[in-house]
Asker: 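Just passing along the structure, written as C-alpha cells.
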Amino acid sequence: MAAARNDVSNDVNKALQRAFEELADGLDLLGESSFRSASHRRVARAIGDLTAPIDQLGDDPAQLRARLEAIPGIGEGATRRILEFVEHGEIADHVEILERVPGGLFQLLQVPGLGPKAVRTLWQELGVQGVDDLRRELDSGRVESLPRMGRKTVQNLRSALEFLTRTRDRLPVALAMPLALDLRDGLRSVEPEARVEIAGSLRRGVETIGDLDLVAAHHDPAARRRLAEAFVNDGRVTDVLASGERKCSVRLSAGGHAIQADLRLGEPAAFGAALHYFTGSKEHNVLMRQIAIGFGRRLNEYGLFEGDEPRPQDHGGTPLAGAEEAELYDALGLPFIPAELREEAFDPARVGLEALRDLLARLIDEDQIVADLHTHSTASDGRHSLEELVAIARRRGLAVLAVTDHSRSSVLAGGLEIDALREHVAAIRELAAGLDDLVLLAGAEVDILPDGSLDYPDEVLAELDVVVASPHVSLSQDRATATRRLLAAIRNPHVHILGHPTGRIVGRRRGLQPDIDALCAAASEHGTALELNANPRRLDLDDAALRRAVEVGCLVAIDTDAHSDAQFGYLSYGVRTARRAGLPADSCVNTWEPERLRDWLADKSVGARGR
DNA sequence: GCCGTTTTCGGCCCGACTGTTTTCAGTCG
C-alpha cells in the first residue's frame with residue numbers, strides 16, 4: 001500500500017530528517033569525524049520531534065532562523081542547511097554525499113553486526129554497493145579474505161540478512177508488551193528470589209519497540225547463570241547473538257514477528273544502576289553521566305562512584321548509589337525522573353530544575369484515574385451487557401463509567417438508530433438509578449462525518465450525559481479538510497470529547513494529519529477534551545501531539561474504548577503515553593471527582609479557558 | 001558540528017561481548 005500523501009507540509013520534516021540521517025551515515029561511511037555525524041544525527045532527532053511543519057515555524061526567514069537556532073542541537077550549520085532545504089528543496093552537502101556514497105550502503109548499515117567500518121571495507125575492497133552485492137560476496141567466499149572477517153562473521157551476516165527481511169518495522173507496543181511480560185515472568189519463575197524487570201523503550205512507554213530489554217539481579221552467580229541459560233534456551237529463540245556473564249542477546253520469533261531481546265545480569269547492589277542504564281534513553285544516560293562528571297563522579301551500570309577512575313567497580317570501589325534508581329538521582333541533586341520522561345524533551349538543563357520538579361509533582365499517575373468515559377456494550381459491538389460492564393467497573397475500582405455505543409453510520413459496528421439509542425439510554429438510566437457506588441452515564445460515540453457534521457442531530461445529543469465524537473471514515477483527507485472537520489466537532493456545544501482524533505492505527509494507518517495547534521486552541525476555547533485513546537493499537541492522540549495540548553492547557557480524556565473486560569486494562573498504555581507528554585493529573589477529566597465531572601458534562605464551558 | 005556556573009577552543013558517556021586477534025577493533029546499547 002502506498003503511503004498516504006495527504007500532508008505535504010509534514011513530509012518536509014520527514015524529508016529533512018532523512019537528509020540529516022543520510023548526512024550522518026554518509027560521513028561515517030567516508031570515515032569522517034564521528035562527532036560531526038553524531039551532531040547531524042542529533043539534528044535529525046530534533047526535527048523528528050517537531051509537531052509543526054518546519055517551514056511554518058516562522059512567518060519569515062529571519063524568524064524561522066531564530067526559532068531554529070533556539071532548538072538545542074541545531075546550530076549555525078544545521079540552520080543554514082534547513083533554510084537551504086526550505087528554499088531550494090535540497091541541501092548541497094547532502095546531494096554531494098549521495099553522489100559520493102552508493103545508496104545501497106545506507107541499507108547495509110541497517111544490517112545488525114555491520115557498522116560503518118565494515119561497510120566501508122566491503123565497499124572499497126570488494127565493490128559491494130548494497131544488500132544484493134553483499135549476498136553474492138558472502139556466497140563467493142571473498143568476504144572471508146577481508147581483514148577481521150572470518151568464517152563466523154560470514155555466518156552471522158547471513159543470518160542477520162535473513163533477520164532483516166523479517167523485521168521491516170519496529171513492533172507496536174501492543175505486540176511487544178505481552179511478549180516482554182511473558183519473558184519477564186518466565187525468568188521470575190526460574191529464580192523466584194531474583195529481581196527481574198522490563199527496561200528499555202518499553203518501560204519508557206514508547207509506542208513502537210525496536211528490541212526488548214530485561215534486567216535481572218541475583219546475589220548468587222549460579223542463579224544468574226541459570227537465568228541466562230533459561231533466556232537463551234527459550235523455545236522462541238532463533239539466534240543467540242551474545243551470551244556472557246553480564247549480558248545475553250538473542251533473536252526471537254513469536255506470533256509471526258521477529259525481534260531482538262537483551263538481558264542484563266548483575267548483583268542486587270547494582271540493580272538500580274543497571275535498570276537505569278538499560279532503560280535509557282541513550283540521551284538521558286549521556287546526560288546523567290555528564291552531570292555525574294560535573295560532581296567529580298562516574299556513573300556506569302554498576303553504580304555512581306566517587307572520582308574519575310575508569311572501571312571503578314573492578315578496583316574495589318564502593319558505589320555511592322546503585323541498588324535503586326532513586327538513589328542515583330538523589331546523589332546527583334536531581335528529582336527522581338520517571339522512565340517515561342527520560343527523553344531529551346525533559347532534559348533538566350532544558351526545562352529547568354524548578355519547572356521539572358513542578359511537572360513531576362503534578363504528573364498524572366494511573367491510580368488517579370477514576371472514570372472511563374468511552375466504552376462499548378452489546379448494544380453495539382461490545383462484548384458485555386450493561387450489568388456486566390457495571391460489575392467490571394466496580395471490580396476495577398472506577399467511580400464513573402460512561403457507556404458510549406456507536407452511532408447509526410457505523411453500520412458494521414452495530415451503530416444505533418435514534419430510536420434504539422433512546423431505548424438504550426433509558427435502560428442505562430434505569431440501571432444507574434439503582435447504583436450508589438458507581439456513577440453510570442449514558443452516552444454515545446458519535447461519528448464525525450467527512451464534512452464535519454455529526455451522526456445524530458443536536459437535539460438527540462442534548463439528551464445524552466456524555467458525547468464522544470470520533471472520526472471513523474475518510475481518514476485520508478488532506479490536512480485542511482481534516483482540520484475543518486475536527487474543528488466543527490470540537491466547537492459543537494454538545495460534544496464533550498474528541499475521540500481518537502486522527503483515527504490512526506500504530507504502524508499500519510497514518511490517519512488524519514490535522515493542524516494540532518488549531519485543534520488545541522479550539523478545544524481550549526470551548527472546554528472540549530481531546531482524547532488519548534488508550535488502546536495500544538491507537539494511542540491517539542500520540543505523545544508528541546499531546547505535548548502540544550499540555551502546553552496549551554487543554555483538557556484531556558484518557559479512555560480505554562473498551563469492548564471487553566480485558567480491554568479496560570489498556571488504561572496503563574494510555575497513562576504511560578500521557579506521562580510521556582508530561583500531562584498534569586488535573587488536566588485529565590478522568591481524574592476528577594464525580595461532582596466536578598458532572599458539572600463539566602452539564603456545561604463544558606466551565607472547563608474552557610478563562611471561565 | 002555543537003556548545004559553554006570550569007571553556008568561544010577543545011573537548012564530546014561508558015562498558016560488554018564477539019571474533020579475530022596475540023592485545024584489541026568493531027559493534028551495540
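Throughout, protein chains are lettered first and strands after them, A, B, ... in sequence-line order, and every chain is numbered starting at 1.
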Asker: Is there a side-chain contact between F20(A) and R41(A), using heavy atoms and a 4.5 Å cut-off?
Answerer: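 A side-chain contact is absent here, since even the closest heavy-atom pair is not under 4.5 Å.
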
Asker: When the C1' atoms of dA16(B) and dG10(B) are compared, how many Å lie between them, rounded to an integer?
Answerer: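 One C1' to the other, the span is 29 Å.
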
Asker: Check whether any side-chain N or O of D182(A) sits under 3.5 Å from a backbone N or O of P178(A) as a donor-acceptor pair, and report yes or no.
Answerer: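 It does not hold such a pair.
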
Asker: Please report the distance separating the P of dT22(B) from the corresponding atom of dC28(B), rounded so that it comes out in whole Å.
Answerer: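 Here dT22(B) and dC28(B) have their P atoms 23 Å from each other.
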
Asker: Under 4.0 Å, heavy atoms only, any strand: does Q260(A) hit a base, just the sugar-phosphate, or nothing?
Answerer: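 Sugar-phosphate, backbone atoms only, no base.
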
Asker: Return the residues of residues 136-156 of chain A meeting this criterion: a heavy atom under 4.0 Å from some atom of DNA chain B. Order them by number, or give none.
Answerer: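 The stretch gives R148(A), M149(A), G150(A), R151(A), K152(A), T153(A), N156(A) as the residues lying under 4.0 Å from the strand, ordered by number.
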
Asker: Taking for each residue the nucleotide of DNA chain B bearing the nearest heavy atom, is the 5' side occupied by F278(A) or by S33(A)?
Answerer: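 Result: S33(A).
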
Asker: What I'd like to find out is whether the side chain of P312(A) reaches to under 4.5 Å of the side chain of R298(A), using heavy atoms alone.
Answerer: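 P312(A) reaches R298(A) side chain to side chain.
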
Asker: Start with the C-alpha gap between V131(A) and L161(A), add the side-chain angles, then the distance that decides, and say whether side chain to side chain contact (heavy atoms under 4.5 Å, CB included) holds.
Answerer: CA-CA 8 Å; V131(A) 172; L161(A) 281 175; 3.8 Å; yes

Asker: Using heavy atoms and a sub-4.0 Å distance, could you list which residues of residues 219-242 of chain A are near DNA chain B? By number, please.
Answerer: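 By residue number: L241(A), A242(A).
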
Asker: R42(A) near the nucleic acid: base, sugar-phosphate alone, or nothing, with a heavy-atom cut-off under 4.0 Å?
Answerer: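 Result for R42(A) = nothing.
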
Asker: Do other residues, nucleotides or ligands put more than 12 heavy atoms under 6.0 Å from the CD atom of E306(A)?
Answerer: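 Atom CD in E306(A) is crowded, with more than 12 foreign heavy atoms closer than 6.0 Å.
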
Asker: Checking the side chain of R264(A) only, and the main-chain atoms of L214(A) only, is there a donor and an acceptor separated by less than 3.5 Å?
Answerer: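 Side chain of R264(A) to backbone of L214(A), a donor-acceptor pair under 3.5 Å: no, none is there.
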
Asker: Just wondering, are more than 12 heavy atoms of other shown residues or ligands nearer than 6.0 Å to CZ in R350(A)?
Answerer: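 Yes.
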
Asker: Could you measure between the two P atoms, the one in dT21(B) and the one in dG26(B), and give it in whole Å?
Answerer: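 Each nucleotide's P atom is 13 Å from the other's.
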
Asker: Quick one: closest heavy-atom pair of A254(A) and R236(A), and the distance?
Answerer: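 Nearest heavy atoms, A254(A) then R236(A): CB-CD, 4.1 Å.
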
Asker: Are S249(A) and Q260(A) close enough that a side-chain donor and a side-chain acceptor fall under 3.5 Å?
Answerer: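 Yes, a side-chain donor-acceptor pair sits under 3.5 Å.
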
Asker: Which part of the nucleic acid, if any, lies within contact of G200(A), taking any heavy atom under 4.0 Å across all strands shown: a base, the sugar-phosphate backbone alone, or nothing?
Answerer: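 Result for G200(A) = nothing.
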
Asker: Could you work out the separation of dC3(B) and dT20(B) based on their C1' atoms and round it to a whole Å?
Answerer: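 It works out to 39 Å between them.
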
Asker: Looking at V196(A), is its backbone amide N or carbonyl O close enough to the side chain of R188(A) to form a donor-acceptor pair, meaning the two atoms are under 3.5 Å apart?
Answerer: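 A pair under 3.5 Å: yes.
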
Asker: Expressed in whole Å, how much space separates the C1' atoms belonging to dT7(B) and dC12(B)?
Answerer: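 Per the computed distance, 13 Å lies between those C1' atoms.
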
Asker: Determine the contact category for A292(A): base if any of its heavy atoms lies under 4.0 Å from a base atom, sugar-phosphate if only primed atoms, P, OP1 or OP2 are that close, otherwise nothing.
Answerer: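 If one applies the 4.0 Å heavy-atom cut-off, A292(A) turns out to touch nothing in the nucleic acid.
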
Asker: So which of residues 294-309 of chain A are in contact with DNA chain B, with a heavy-atom cut-off of under 4.0 Å?
Answerer: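 Of all residues in residues 294-309 of chain A, the ones placing a heavy atom under 4.0 Å from DNA chain B are R298(A), L299(A), N300(A), E301(A), Y302(A).
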
Asker: Which two nucleotides bound the region of DNA chain B that has atoms under 4.0 Å from heavy atoms of chain A, read 5' to 3'?
Answerer: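 The protein-touched segment is dG1(B) to dG29(B).
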
Asker: Could you check whether any side-chain heavy atom of F271(A) comes within less than 4.5 Å of a side-chain heavy atom of H276(A), counting everything from C-beta outward?
Answerer: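 A side-chain contact is absent here, since even the closest heavy-atom pair is not under 4.5 Å.
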
Asker: Hey, is the main chain of K117(A) close enough, under 3.5 Å, to the side chain of T121(A) for a donor-acceptor pair?
Answerer: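 Flag set: sc T121(A) to bb K117(A) pair under 3.5 Å.
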
Asker: Taking any strand in view, what nucleotide pairs with dT8(B) in a Watson-Crick or G-U wobble way, both distances under 3.5 Å?
Answerer: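 Answer to the pairing question: none, since dT8(B) forms no Watson-Crick or G-U pair.
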
Asker: How would you label the contact of S243(A) with the nucleic acid (heavy atoms, under 4.0 Å): base, sugar-phosphate, or nothing?
Answerer: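 Contact class for S243(A): sugar-phosphate only.
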
Asker: Residues of residues 80-106 of chain A with any non-hydrogen atom less than 4.0 angstrom from an atom of DNA chain B: list those, numerically ordered, please.
Answerer: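 Nucleic-acid contacts, sorted: R81(A).
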
Asker: Which class fits the ring pair F336(A) and Y329(A): parallel under 30°, tilted 30 to 60°, perpendicular over 60°?
Answerer: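 F336(A) and Y329(A): perpendicular rings.
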
Asker: Does a donor on one side chain and an acceptor on the other come within less than 3.5 Å for H218(A) and E193(A)?
Answerer: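 The criterion, which ignores hydrogens and geometry beyond distance, is not satisfied for E193(A) and H218(A).
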
Asker: If each of Q313(A) and V119(A) is mapped to the nucleotide of DNA chain B with the nearest heavy atom, which maps nearer the 5' terminus, i.e. the 5' end?
Answerer: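 The residue closer to the strand's 5' end, by nearest nucleotide, is Q313(A).
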
Asker: Please give the distance between the C1' atoms of dG11(B) and dT6(B) as a whole number of Å.
Answerer: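 These two C1' atoms come out 12 Å apart once rounded.
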
Asker: Please check if the side chain of R297(A) supplies one atom and the backbone of A331(A) the other of a donor-acceptor pair under 3.5 Å.
Answerer: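 Yes.
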
Asker: If I pick the P atom on dC14(B) and the same atom on dC9(B), what distance separates them, to the nearest angstrom?
Answerer: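 The answer is 25 Å between these two P atoms.
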
Asker: How is A78(A) classified with respect to the nucleic acid when contacts are heavy atoms under 4.0 Å: base, sugar-phosphate, or nothing?
Answerer: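 If one applies the 4.0 Å heavy-atom cut-off, A78(A) turns out to touch the sugar-phosphate alone, with no base involved.
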
Asker: Mind listing the side-chain donor-acceptor pairs of residues 99-108 of chain A below 3.5 Å, one per line with the distance, residues two or more places apart or on another chain?
Answerer:
none

Asker: With salt bridge (Lys or Arg N to Asp or Glu O under 4.0 Å) as the test, pick out the partner of R42(A) among E21(A), E344(A), E283(A).
Answerer: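 Only match with R42(A) under salt bridge (Lys or Arg N to Asp or Glu O under 4.0 Å): E344(A).
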
Asker: What distance, rounded to whole Å, do you find between the two P atoms, one in dG15(B) and one in dT8(B)?
Answerer: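 Between the two P atoms, the distance is 29 Å.
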
